[in-house]
Amino acid sequence: MPKIRTDFPYETRREDVRIPMADGTLLYARVWRPVTEEPVPALLEYLPYRLSDWTAPRDQQRHPWYAGHGYASVRVDVRGHGNSEGLPGDEYDATELADGVAVVHWLAEQPWCTGRVGMFGISWGGFNSLQIAALAPEPLKAVVTVCSTDDRYDNDVH
């Protein structure tokens with residue numbers, strides 16, 4: 001059985017929140033944060049894969065690690081997926097990307113955030129991270145992706 005590390009430089013807390021979009025749709029998010037009075041940078045993982053059940057086991061390992069090392073780590077269900085409101089669209093459609101930009105800005109505006117946001121993802125989360133970065137939301141300072149591309153027409157299936 002693999003050992004999961006649970007001792008970190010920071011204690012962590014977890015909360016589930018709703019992030020409002022301009023049209024009133026609420027996106028569901030789970031936020032892991034270090035217990036500190038100082039604002040911290042935020043890391044965003046933005047996926048359609050139901051955070052409350054399907055990705056919960058791996059999320060419970062990954063996100064607390066980031067929070068325990070001084071980042072707010074945030075997992076958001078894409079519109080129309082999981083516990084987020086709305087109707088799902090096509091992969092990486094304009095609404096998904098606009099919502100992602102709005103989430104980046106929402107995170108940057110939180111009192112617990114320094115105003116600096118990074119995104120990460122594997123496959124779908126990597127694709128939309130790169131496409132959101134191309135839209136250049138000012139608070140987005142870093143992107144780390146795996147098994148993704150910036151040219152989905154040439155290299156979409158791995």
Side-chain angles (χ1 to χ4, degrees), residues 1-19 21 26-85 88 91-92 96-97 99-135 137 139-150 152 155-158:
M1 174 180 252
K3 182 175 180 350
I4 298 171
R5 185 172 172 197
T6 58
D7 58 318
F8 306 116
Y10 291 91
E11 289 182 46
T12 65
R13 72 177 71 149
R14 187 193 99 180
E15 76 177 305
D16 291 354
V17 299
R18 300 284 180 171
I19 301 174
M21 299 294 101
L26 298 174
L27 301 186
Y28 184 65
R30 185 161 286 159
V31 180
W32 290 263
R33 292 189 292 131
V35 177
T36 178
E37 296 300 314
E38 298 298 317
V40 297
L43 302 175
L44 170 61
E45 185 177 29
Y46 179 54
L47 295 170
Y49 307 132
R50 301 185 321 268
L51 72 86
S52 61
D53 60 6
W54 198 53
T55 65
R58 65 135 184 129
D59 291 348
Q60 191 54 39
Q61 294 173 22
R62 176 179 302 150
H63 294 281
W65 193 92
Y66 297 136
H69 287 84
Y71 297 89
S73 193
V74 183
R75 172 61 178 85
V76 177
D77 279 338
V78 169
R79 177 187 295 252
H81 296 272
N83 290 327
S84 285
E85 296 177 351
E91 292 180 316
Y92 328 115
E96 176 182 333
L97 300 179
D99 286 352
V101 169
V103 170
V104 167
H105 284 287
W106 184 89
L107 290 170
E109 294 165 2
Q110 298 312 296
W112 42 259
C113 184
T114 61
R116 299 170 67 86
V117 178
M119 289 186 74
F120 66 95
I122 300 168
S123 190
W124 192 310
F127 277 89
N128 69 23
S129 292
L130 291 172
Q131 292 178 61
I132 290 167
L135 298 172
L140 185 60
K141 304 299 182 187
V143 172
V144 176
T145 72
V146 177
C147 299
S148 61
T149 180
D150 63 349
R152 69 178 288 226
N155 194 11
D156 191 7
V157 179
H158 314 294

Are any non-hydrogen side-chain atoms of Val103 and Met21 less than 4.5 angstrom apart? yes
Given side chains that start at C-beta, do those of Met119 and Val104 come closer than 4.5 Å, heavy atoms only? yes
Stepwise side chain to side chain contact (heavy atoms under 4.5 Å, CB included) check, Val143 with Leu130: CA-CA 7 Å; Val143 172; Leu130 291 172; 4.2 Å; yes
Check [X] against [Y] and note the closest heavy-atom contact, atom names and distance.
X	Y	result
Pro48	Val78	N-CG2, 3.7 Å
Pro137	Val101	CB-CG1, 4.0 Å
Pro41	Gly70	CD-O, 3.9 Å
Thr145	Ser129	CG2-CB, 4.0 Å
Cys113	Ala108	SG-CA, 3.9 Å
Pro9	Gly68	CD-O, 3.1 Å

What distance separates [X] [atom1] from [Y] [atom2], expressed to the nearest 0.5 Å?
X	Y	atom1	atom2	result
Arg13	Trp112	CZ	CH2	11.0 Å
His81	Trp54	NE2	CH2	11.5 Å
Arg79	Asp99	CZ	CG	4.0 Å
Leu44	Ile132	CG	CD1	7.0 Å
Tyr49	Asp59	OH	CG	12.5 Å
Ser123	Leu47	OG	CG	9.0 Å

Tyr71 OH: over 12 foreign heavy atoms closer than 6.0 Å: no
Evaluate side chain to side chain contact (heavy atoms under 4.5 Å, CB included) for Glu45 paired with Tyr66, printing each intermediate quantity in order. CA-CA 12 Å; Glu45 185 177 29; Tyr66 297 136; over 6 Å; no
Those residues at least two apart in sequence (or on a different chain) that pass side-chain hydrogen bond (donor to acceptor under 3.5 Å, both in side chains) with Ser73 are His63
Determine whether Arg75 and Thr55 satisfy the following criterion, side chain to side chain contact (heavy atoms under 4.5 Å, CB included), listing intermediate values before the conclusion. CA-CA 10 Å; Arg75 172 61 178 85; Thr55 65; 3.2 Å; yes
Please answer whether the main-chain N or O of Tyr28 pairs with a side-chain N or O of Asp77 as donor and acceptor at a distance below 3.5 Å. no
Could you check whether any side-chain N or O of Asn128 sits under 3.5 Å from a backbone N or O of Tyr46, counting only pairs where one atom can act as donor and the other as acceptor? yes
Among Val74, Val31, Leu43, find the residue that satisfies the side chain to side chain contact (heavy atoms under 4.5 Å, CB included) test when tested with Leu107. Val74
So, Glu85 and Arg18, do they make that salt bridge, N to O below 4.0 Å? no
